[in-house]
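Lettering follows sequence order; numbering is per chain, from 1. Side chains included, hydrogens not; waters and symmetry mates left out as well; all remaining heavy atoms used.
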Amino acid sequence: MNKFLKIITKESAIVPFIAIVLGLIVGAIIMLIGGYDPILAYRSLLNKVFGNPYDFGETLTAITPLVFTGLSVAFAFRTGLFNIGAEGQYIMGMTGATFVGVNLHMPWYLHAPFAIIVGTLIGGIWGMIAGYLKAARGVNEVITTIMLNWIALHLANYTVNHFLLEPGKGRSYMIDPSAQVTIGWLSRLLDDARVHWGMFFALLCVVFFYVYLFRTKQGYELRVVGSNSDAAQYAGINVNKSIVKAMFISGAFAGMAGVFQVLGVFMNQAIAASPTGHGFDGIAVALLGGNNPVGVLFGAVLFGTLSYGAAGMSFGADVPPEIIRIVIGSVIFFVAAPGIIRWLMKRLSAKKRKGEVV
Amino acid sequence: MDIATLGHMLNTAFVFSTALILAALGGIISERSGVVNIGLEGLMTAGAFAAAVSAYRAQEAGYGSASPWIGLLAGALFGVLFALIHAVATITFRADQVVSGIVINFIAGGTTLYLVKLLFDGAGETPLVDQTFHKWKIPGLSDIPIIGDGIFNSYPTTYLALILVGVIFYMLYKTSFGLRLRAVGEHPSAADTVGIKVLRMRYTAVLMSGVLAGIGGATIALTTTGTFSHNTISGQGFIALAAVIFGKWNPLGALGAAVFFGFAQSINNVLQLFDFSSHIPAEFIYMLPYVLTILVLVGAVGRSKAPGALGEPYFPGKR
């Protein structure tokens, strides 16, 4: 807990805050140049998210997969691996869950847990392939994860097309109600927003990430491999095993994102022509959160809120919603380059001092 | 498979490869100077956008067949613009290079679609350009069997890409500029000691990568699609990045990798013409290039060695 407080009260906690403000200012400037009203736009954004219970619930639903994919990318980063493949692991997790949800029939207390486990494992295995290829053959994980994303996309489409397709719909059959993980009472409370147990799993994963990586021997080993794999080797840590393990856990996180999108939100799987972008959003969230589990949670909240609210912006102020990607990009930029903020602050305070002298 | 089909396949392969070759060349120059460029995707997006818009405007203004060339130039300019952000962030402010690259992808995607909606009354796509590039048949050479059809009857942008591979190979390995560029990427402090301006070299390299990736993106808009929308560039930048690593940071290697990707892609198109393909699900044919890439990497290439100082910001005066 002390460590948690330290994270929050550190001076570096001010930097993300300033970064968010600066990001919003960049967005505002671009809106002004385009002839839009930024105040109205940001107000519509907040209105969209907090204006009514339904949209608030849907915002929570939008945040959930981002927590998972953000954790996925951050976990790999901590072990010195760049997982561009959260996208593919997400798709594979989704496919596993859909397959179990549609083709198997069980009582609810078995069905949903089984679907979750299968999807998560498949996501993990998909990540592990890249980890294994890196460990055993030295193949750069950046390339393999990019390739595995595309393979996953087509493999998922194949599975849906041949084993799950509801004729004439371009998507799978709906999953059995016994596999669904919606929260009925909360959903009714929030005007039928699609809220589900995934968000609590996401919080559990945040805790797991922290405990495993910072409080266990295995986690320590992974971090040593991440900061200096040569040193880890000399210290007798099995580097190759660590890489495979880290990619499995990373993939499992991303797989879970897909699992809960199916079991909690869509209830089916559509045939996808191109990648969904969830994996890349995960990279953004991990960066927003500084690869720290609590940071990832906050990053996902910020990312999800802004993205979901962007629809309100275009409705209320006629601003193209893409502006929000510029805002998020700028925030990441300022978070990742605190040098810019320090430089700006120095400039500002220097100017102030000059002004006082005059 | 007869000769005509083979030539046709090669031709399609080069159409697919052109953008990848150009972007990968950009990636190589940047990374050889020690700056990681995950932002290739974003730079290509910027280039494709600028090319589609400028070529359309030029065509409206009556520039006729010069329009795609104007588009290509605009693509290069826009690529440089976004590369400049990357350069300032990573070289001057020493931001994490991977992060900055991801941000470039984000901002380029957002900005271009924002501008499309702004310029074309909320449309999600630029208007179709009629004046795109046409294939040039090189007299004499195009009569050679297979290669003639395959290579010497291509878009001018393909020739440009192939010529640039040679130019950049020569530049990197046969000129003092190239030697300096590589020195900066391998051991910046040693380079500094002998009087090479490390930061200036890196700026030059990153901006050059903007030009090349921008042109790369532009070629897609100006030959294949004719417009720009949210999925004009969807993953090509990352494939180009893979080609950089696959090709071991060498222009000829990247050329090989890019053509390989293009060829695997064109196998898709051609295989579907054959009877036996009806027994193979289409999805598996789509997967082929990516599976092949992994297999080739596992079997042949093994550990690839990145430039020594890749990813490390340089503090002038650091020892």
Side-chain angles (χ1 to χ4, degrees), chain A residues 26 30-31 33-36 77 82 84 129-130 133 136-140 142-144 146-159 161-162 273-275 277 280-281 283-284 287 314 318-333 335-340 343, chain B residues 38 41-42 85 88-90 92-96 98-100 102-118 122 124 230-231 234-235 238-239 241-246 257 281-294 297-299 301-304 306 313:
Chain A
V26 169
I30 292 172
M31 280 188 256
I33 295 171
Y36 301 109
F77 261 133
F82 190 18
I84 303 195
I129 297 175
L133 291 173
R137 306 288 313 181
V139 184
N140 190 311
V142 172
I143 307 190
T144 42
I146 292 172
M147 298 302 142
L148 284 168
N149 283 345
W150 290 95
I151 297 173
L153 177 77
H154 297 304
L155 196 59
N157 283 345
Y158 171 76
T159 313
N161 255 330
H162 288 77
S274 61
F280 294 114
D281 292 350
I283 298 175
L287 296 177
S314 69
D318 207 25
V319 183
E322 285 78 17
I323 184 86
I324 223 63
R325 294 187 84 76
I326 305 177
V327 172
I328 294 171
S330 315
V331 176
I332 300 173
F333 198 77
V335 168
I340 296 182
W343 179 79
Chain B
I38 301 263
E41 177 92 357
I85 303 177
V88 172
T90 57
T92 304
F93 288 104
R94 298 188 282 268
D96 188 297
V98 170
V99 176
S100 171
I102 300 280
V103 169
I104 296 300
N105 291 340
F106 242 78
I107 295 188
T111 311
T112 49
L113 284 174
Y114 176 80
L115 288 176
V116 168
K117 288 192 176 164
L118 201 64
H230 73 279
N231 62 0
S234 60
F238 287 97
I239 302 277
L241 187 69
V244 171
I245 304 173
F246 201 175
E283 290 90 352
F284 283 95
I285 299 178
Y286 297 144
M287 259 182 246
L288 202 63
Y290 311 110
V291 176
L292 279 177
T293 305
I294 291 182
L297 282 172
V298 168
V301 178
R303 286 178 201 274
S304 45

Applying a strict 4.5 Å limit to non-hydrogen atoms, the region of V98(B) in contact with chain A is side chain
Might you work through the side-chain contact (heavy atoms from CB on, under 4.5 Å) test for I239(B) and M147(A), ending with a clear yes or no?
-> CA-CA 8 Å; I239(B) 302 277; M147(A) 298 302 142; 4.1 Å; yes
Does Y114(B) reach the main-chain N or O of I30(A) with its side chain, forming a donor-acceptor pair under 3.5 Å?
-> yes
E322(A) to L113(B) - nearest heavy-atom pair and separation = CG-CB, 3.3 Å
Proximal component of I283(A), with respect to chain B [non-hydrogen, under 4.5 Å] = side chain
For I129(A), check side chain to side chain contact (heavy atoms under 4.5 Å, CB included) against everything at least two apart and list the hits.
-> W126(A), L133(A), L148(A)
K117(B) versus P321(A), closest heavy-atom pair with distance = NZ-CD, 4.0 Å
What's the spacing between I102(B) CD1 and I332(A) CD1 if we round to 0.5 Å?
-> 8.0 Å
Given side-chain contact (heavy atoms from CB on, under 4.5 Å), test I143(A) with Y290(B) step by step and report yes or no.
-> CA-CA 10 Å; I143(A) 307 190; Y290(B) 311 110; over 6 Å; no
Sequence neighbours left out, what passes side chain to side chain donor-acceptor pair (under 3.5 Å) with D318(A)? Give chain and number order.
-> none
Derivation of the side-chain contact (heavy atoms from CB on, under 4.5 Å) call for I151(A) and I294(B) | CA-CA 10 Å; I151(A) 297 173; I294(B) 291 182; 4.0 Å; yes
Counting heavy-atom pairs under 4.5 angstrom with chain A, the leader among D96(B), V291(B), L115(B) is V291(B)
Give, for atom OG1 of T111(B) and atom CD1 of I323(A), the distance between the pair rounded to the nearest 0.5 Å.
-> 7.5 Å
Scored by heavy-atom pairs under 4.5 Å with chain A, the best of V244(B), V88(B), L118(B) is L118(B)
If one checks every heavy atom of I38(B) against chain A at 4.5 Å, the contacting part turns out to be side chain
Heavy-atom distances under 4.5 Å only: say whether N161(A) touches chain B with side chain, backbone, both or neither.
-> side chain
Locate the shortest heavy-atom distance separating A89(B) from F333(A); write the atom from each residue and the value.
-> CB-CZ, 3.2 Å
Nearest-0.5 Å distance, CZ of residue F284(B) to CG of residue L155(A) = 6.0 Å
Whether F280(A) and F238(B) hold their rings parallel, tilted or perpendicular, with breakpoints at 30° and 60° | parallel
